[in-house]
Amino acid sequence: MQQEKIKCAIYARVSTDQQGDSIENQISQCQEYISRLGRQYDDTDIILYRDEAVSGYYTSVFDRAEMKRAIQDAKNHRFQLLVFKEVSRVGRDKQENPAIIGMFEQYGVRVVAINDNYDSLNKDNITFDILSVLSEQESKKISARVSSARKQKARRGQWGGEPPIGYQVNKETKKLEIDPERKDIPVLVFDLYVHKGMGTFKVAEYLNQKGIRTKNGNLWSRESVNKLLRNQAYIGHVVYGTRRNQLQREYDDSGKMTKKKVQLRMDRTEWQIVENAHEALIDKETFYEAQRILSSKSHNRAPRRAYHPLTGILICGKCNQGMICQKRSYNGKEYRYYICKTYHKFGREVCPQANVNADELEGAVVRLIRTRLDKLPNDWFRITVNKEKEMERLRQEMKVKRQTREKWRKNQVDLFQQRELFDAKSYQRQMLEMKNQIQRLDEETALLEKQLGELAGQITEASSLDRYLDEFKKLELQDLERTRVLLQEVIKNIILTDRHLDIKYHFDFDR
C-alpha cells in the first residue's frame, strides 16, 4: 500500500521596500527546496499563500489576509510542512515571529526558513530569536534609509509624493512647477477666504457649486480647504518632517499583541523648511494673513451651544465654580444675569456671590480690553517687521552652521579613509575633535531653531492683536454672537469676586 505523501505549503510576502525580492522568486526557491526533500513530500500540489505590498514591521503578522488563511488551514491539518525563504518573510518583529512559529508547531506543522538554515524539527529556538531580532533591526535600518533619502530630497527643494493642486512635478528636476490648468484654483481659494471673508465651509460650498473639484476629483470639504490654506508650498516652500511614523504595540488580556503605524505630529522647530524652492502661487502677505485668520478662529474656546458671551470663562471667585447666565422678565422687558452655579444649586448660604447684570458686566469687560489695546505702544505692531528681519538673520546663521557641519562631517570621512597614515593616538584625538565640533554645531542649530519658533509665535500674536484692536473698536455689544466670539478668543478666564474682576488673557499685553 502506497504511503500518503506529506502535504506542503509555501508562504511568501513582498513589501513596498523589497520589490527586488519578488513573490515569484520566493516561491521558486521554496519549490526547489521541497523537491529536494525526498519522495515522501508532495512537490506537485503545493498550497501557496501570498501577501503582497504588506509591511513586515508596521503590519501585524496576525492581520495579514494570507497568513490568517495559512493559520486556519494549519488548524484544519491541510498541510504538514510550511516553507518560506527567510525569517523576514514571516515578519520583522522580534516579538511576533516566535509566536507565529509556535502556533504552526502547535498544529503539528514543520516550519522551514531556507536562507536562515532554520528548521523547527531541530528545536533551535535561540537561533530563531536571534534571526527575528536581526530582521527587525534590518527593517528599522530600511525605514531610516528611506526617511533619510526623503529628507535629503526635501533639502534640495525636490518634492516627494503627490503635488498640491495648482502644481505638477517636473520629471527632470523633481521640483514643483505651476500647473497651467489648475493654477487658478488655490488663488481663488485664498481670495475667497482672505479678501472676501468667507469661512472654510462657505469656500468649499462655493467651489462645489461652481463644479470645481479637488485634485482627486472629490467634492471640497471644510478640511480640504483648511489643508490647502495651510500648505506652505503655495509660497514656494518645501516642508518636510511635519509628522513621523511610529510603531505602536498593544496587548489584549490574553497577551496577544497587535500593532499599527501611528503618525506623530512634530513640533514646528523640528520641521525642515526649504524656502523659495519653486515658483510661488500666493504672495506671502496673503498667505500669512490666512494663517492669522485660521489661528484666531482656532483660539475660539466658546462652547458650541453657548449663547452668552462669558459662558464658559466666567468663574465665581468665592467657590471657584463657573457662572451661568439666566434671563428674567420684568414689566415686559427682558434682563440677563450671571449667577454662580453653586448658589443656583444650593442657595445663598453655600455661596454668597451676588448676581451680576450681564449687559453691565460684558460692557465692563469689553471696555477693559479696549483700554489695554489702546495702551499698546504706537510702534508695538511695527516691531513685527524687525522680528521678521531677525528671523531672516537667524535663518542665514542656521544655513552657515549647517554648511560648516557638513564640512566637518566630510573631514571625518576623509580622516577615516586615511587613518593608516596616522598613529592611533593622533587619529583618535583628531576624530574626537571633529565629533565635538559637529556636536557643538548641532546644539547651536537647535537653539536657533527654537528662537525661530518663538519669533514666529510672537509675530502671529502681534498680528492677532492688530486685528483685535480694529475688531473691538467696531464691536457693538448688542451683537451677542460676535461679542462672544471675540471675548472667548482673547480671554482665558475671568474670576469675579463681588464686583472685582481678575482677567487672564491668551495674549501677553505687557510684552
Side-chain angles (χ1 to χ4, degrees), residues 14-17 19 51-55 58-59 63 65 146-147 149-150 153-154 156-245 260-266 271-274 277-284 286-291 293-295 297-298:
V14 65
S15 179
T16 51
D17 58 19
Q19 294 302 326
D51 272 319
E52 299 194 44
V54 178
S55 169
Y58 287 115
T59 307
D63 292 334
V146 171
S147 177
R150 288 175 178 169
K153 187 176 180 181
R156 294 193 293 270
Q158 296 177 329
W159 191 263
E162 279 290 313
I165 192 166
Y167 284 106
Q168 56 193 11
V169 178
N170 185 296
K171 293 181 179 179
E172 294 182 1
T173 64
K174 307 300 180 185
K175 292 188 176 184
L176 290 182
E177 59 183 20
I178 293 175
D179 180 353
E181 296 182 3
R182 296 183 176 182
K183 65 179 182 179
D184 296 329
I185 296 176
V187 175
L188 174 62
V189 170
F190 275 91
D191 181 58
L192 294 173
Y193 188 76
V194 175
H195 302 128
K196 300 297 190 297
M198 290 188 182
T200 52
F201 176 79
K202 286 294 182 182
V203 172
E205 188 177 50
Y206 179 89
L207 296 173
N208 293 332
Q209 288 173 352
K210 294 295 183 181
I212 301 171
R213 296 293 179 259
T214 67
K215 190 173 182 67
N216 298 324
N218 299 323
L219 292 171
W220 290 86
S221 65
R222 190 192 307 264
E223 291 74 20
S224 54
V225 171
N226 191 297
K227 185 177 180 181
L228 185 151
L229 290 169
R230 294 185 184 278
N231 196 336
Q232 295 189 47
Y234 292 112
I235 53 173
H237 296 180
V238 171
V239 182
Y240 175 77
T242 60
R243 287 177 172 80
R244 182 178 297 164
N245 292 333
K260 62 181 178 180
K261 178 171 64 175
V262 296
Q263 282 196 331
L264 301 178
R265 187 172 182 83
M266 307 307 295
W271 294 4
Q272 300 284 332
I273 302 178
V274 180
H278 52 264
E279 186 176 353
L281 273 172
I282 306 297
D283 64 88
K284 290 183 179 179
T286 300
F287 180 83
Y288 287 119
E289 179 61 24
Q291 308 316 300
I293 298 172
L294 287 166
S295 177
K297 290 187 176 181
S298 68

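Basis for what follows: all heavy atoms, side chains included, without hydrogens, waters or symmetry-related copies.
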Heavy-atom pair with the smallest gap, counting every atom of [X] and [Y]:
| X | Y | result |
| --- | --- | --- |
| Leu281 | Tyr167 | N-OH, 3.2 Å |
| Lys175 | Ala277 | CD-O, 3.7 Å |
| Asp51 | Ala65 | OD1-N, 3.8 Å |

Quick one: NZ on Lys215 to CG on Leu228, what's the gap to the nearest 0.5 Å?
11.5 Å

d(Glu205 CD, Arg222 CZ) to nearest 0.5 Å is 10.5 Å

Taking C-beta and beyond as the side chain, do [X] and [Y] meet within less than 4.5 Å on heavy atoms?
| X | Y | value |
| --- | --- | --- |
| Ile235 | Tyr288 | yes |
| Lys210 | Tyr206 | yes |
| Val194 | Phe287 | no |
| Glu223 | Thr200 | no |
| Lys284 | His237 | yes |

Less than 3.5 Å apart, which donor and acceptor atoms pair up between the side chains of residues 178-192 and the rest of the protein, not counting sequence neighbours?
| from | atom 1 | to | atom 2 | distance (Å) |
| --- | --- | --- | --- | --- |
| Asp179 | OD1 | Glu181 | N | 3.1 |
| Asp191 | OD1 | His195 | ND1 | 3.1 |
| Asp191 | OD2 | Lys196 | NZ | 2.8 |

We want to know whether Arg230 and Asn226 form a side-chain donor-acceptor pair, criterion being a heavy-atom distance below 3.5 angstrom.
yes

The test is side-chain contact (heavy atoms from CB on, under 4.5 Å); show your working for Glu177 and His278 and say whether it passes.
CA-CA 7 Å; Glu177 59 183 20; His278 52 264; over 6 Å; no

Let me know which of Leu176, Thr286, Ile282 forms a side chain to side chain contact (heavy atoms under 4.5 Å, CB included) with Tyr234.
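Only match with Tyr234 under side chain to side chain contact (heavy atoms under 4.5 Å, CB included): Ile282.
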
So, does [X] use its side chain to make a donor-acceptor pair with the main chain of [Y] at under 3.5 Å?
| X | Y | result |
| --- | --- | --- |
| Gln291 | Leu229 | yes |
| Trp220 | Ile212 | yes |
| Asn208 | Leu219 | no |

Taking side-chain hydrogen bond (donor to acceptor under 3.5 Å, both in side chains) as the test, write out the residues that go with Ser224, two or more places apart.
Ser221

Tell me whether Glu279 at atom CD has more than 12 heavy atoms from other residues, nucleotides or ligands lying less than 6.0 Å away.
no

